[in-house]
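Hydrogens, waters and symmetry mates play no part in the numbers below; they use all other heavy atoms, side chains included. Each chain gets a letter, A, B and so on, in the order its sequence line appears, and its residues count up from 1.
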There are 2 protein chains.
Amino acid sequence: MFLSKSCVYAIRAALLVTSRTNKRTRDFIPLQEIAAELNLSFHFLTKILQQLTQAKIMESFRGPRGGVLLAKPASSVYLIDIIKVVDGMGAFEDCVLGLPDCSEKAPCPLHREWKKRRQELRKMFERYTLADLARGKRVLNLKN
Amino acid sequence: MFLSKSCVYAIRAALLVTSRTNKRTRDFIPLQEIAAELNLSFHFLTKILQQLTQAKIMESFRGPRGGVLLAKPASSVYLIDIIKVVDGMGAFEDCVLGLPDCSEKAPCPLHREWKKRRQELRKMFERYTLADLARGKRVLNLKN
DNA sequence: AAGATATAAGACTCTTTAATCTTAAATTAT
DNA sequence: ATAATTTAAGATTAAAGAGTCTTATATCTT
């Protein structure tokens, strides 16, 4: 998997929060509901989303009527923001052959080619926002 | 990591075997030597290269003067062949969001984009052979 | 035939990632 | 105030990937 499971769950949850958010009322969305819809453990989801709230991508609120909400408009949350928090940027920076000494000056045989491709991937995640992906999707099937 | 560590080691080992092979004598290359140069455990390497010999990418020979050798010319061993054996093709087929139901008919929000990119990656691994990558490299630093 | 050398195969251990469970803290509603 | 609801935090367990170790088998050399 290019992205870790945790990262993928974070993105799915963010997508769900996006599509669930009522722009007028901005009620918090309980993690129980998100976990149920994504079909994954509530406590596990909790830990993942904590990373997003700590990174100020989401904000959370405790107690009855609590939950999470995007901290900013979905149109300004890029997928790369989430990836950076959960997985880090290693996938877009490391040598494809895992060689620690591979660099511009001492490139591994695949260096040039891989660099091109991984930049394309990075651009893709830098280009799309939660709003882009939630848009137009009548039914988002995000279950496992 | 896009490729597993085992897969990366398999590629590195194959690259080393390629660059070490004397086309005239075609002596087998002992795994001890390969392990030493790649700086990884002999027994671990053994298991990885067994996959390649079982897949007929390499051939092996036991006893003194034994070792491994490419089963065919380096110019006809594509990186994808090795990846297919060690990691399988999941990386080039699965949904980037890990959704089992994502398909052409019911695509996830990133489906189209990801498909393009992963095809590019696949093409890259389908294009390069061991000979391509071993060529011209005076010193291959394949150590961890 | 015997000893040395080398891969094969499988059991075992360690590390990382994934997932669960328990307790604490915050907030609301009554 | 008290009880109910909800996230936070940390401990614990499970599963998968990575790596090691032991024993078996094949082959060469003497």
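Contact check, A:Thr53 against D:dT7: no side-chain N or O comes under 4.0 Å of OP1 or OP2. Under 4.0 angstrom from either OP1 or OP2 of C:dA9 there lies at least one side-chain N or O belonging to B:Gln50. At least one side-chain nitrogen or oxygen of B:Gln54 sits closer than 4.0 Å to the OP1 or OP2 atom of C:dA9. Using a 4.0 Å cut-off, some side-chain N or O of A:Ser6 falls inside it from OP1 or OP2 of C:dA18. Considering only side-chain N and O atoms, B:Ser41 lies under 4.0 angstrom from the phosphate OP1 or OP2 of D:dT20. When the side-chain nitrogen and oxygen atoms of B:Tyr9 are compared with OP1 and OP2 of D:dA18, none of them lie within a distance under 4.0 Å.
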Under 3.5 Å donor-acceptor pairs involving side-chain atoms of residues 89-108 of chain A, not counting sequence neighbours:
unit_1: A:Ser103; atom_1: OG; unit_2: A:Lys105; atom_2: N; d: 3.3
unit_1: A:Ser103; atom_1: OG; unit_2: A:Ala106; atom_2: N; d: 3.1
unit_1: A:Glu104; atom_1: OE1; unit_2: A:Arg112; atom_2: NH2; d: 3.3
unit_1: A:Glu104; atom_1: OE2; unit_2: A:His111; atom_2: NE2; d: 3.0
unit_1: A:Glu104; atom_1: OE2; unit_2: A:Lys115; atom_2: NZ; d: 2.8

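Nearest nucleotide to the side chain of A:Lys5, out of C:dT5, C:dA18, D:dA18: C:dA18. Comparing D:dG19, D:dC28, C:dT7 by their closest approach to the side chain of B:Pro64 singles out D:dC28.
Remark on DNA chain C: of its neighbouring residues B:Lys47 and B:Val68, the 5'-side contact belongs to B:Val68, judged by nearest-heavy-atom nucleotide. Both A:His43 and A:Gly66 sit near DNA chain D, but only A:Gly66 has its closest nucleotide nearer the 5' end. Mapped onto DNA chain C by nearest heavy atom, B:Thr46 and A:Leu3 fall at different nucleotides, with B:Thr46 at the one closer to the 5' end.
In this structure, the CZ atom of B:Arg62 is 17 Å from the P atom of D:dT23, given to the nearest Å. In this structure, the CG atom of B:Leu38 is 12 Å from the P atom of D:dG19, given to the nearest Å. The distance from atom CD of A:Glu33 to atom C1' of D:dT5 is 13 Å, rounded to the nearest whole Å. B:Asp27 places its CG atom 17 Å from the C1' atom of C:dT7, with the value rounded to the nearest Å. Taking atom CG of residue A:Leu45 and atom P of nucleotide C:dC21, one finds them 15 Å apart after rounding to whole Å. Distance B:Asp87 CG to D:dG17 P: 10 Å, rounded to the nearest Å. Between the CZ atom of B:Phe44 and the P atom of C:dT7 there is a distance of 17 Å, rounded to whole Å. Summarising the geometry, the separation between CD on A:Glu59 and C1' on D:dA8 is reported as 16 Å, rounded to the nearest angstrom.
Residue B:Arg127 places its CZ atom among more than 12 non-hydrogen atoms of other residues, nucleotides or ligands, all under 6.0 Å distant.
A:Phe61 comes within contact range of the sugar-phosphate backbone alone, with a heavy-atom separation under 4.0 Å but no base atom that close.
A salt bridge links B:Glu113 and B:Arg117; the closest N-O separation between the charged side-chain nitrogens and carboxylate oxygens is under 4.0 Å. Between A:Lys116 and B:Glu120 there is no salt bridge, since no side-chain nitrogen of the basic residue lies less than 4.0 Å from a carboxylate oxygen of the acidic one. Under the 4.0 Å criterion applied to side-chain N and carboxylate O atoms, B:Lys84 and B:Asp81 are not assigned as salt-bridge partners.
Ring geometry for A:Trp114 versus B:Phe2: interplanar angle of 30 to 60°, hence tilted.
In terms of polar N and O atoms assigned as donor or acceptor, the side chain of A:Arg65 never comes within less than 3.5 Å of the base of C:dT28 in a complementary pairing.
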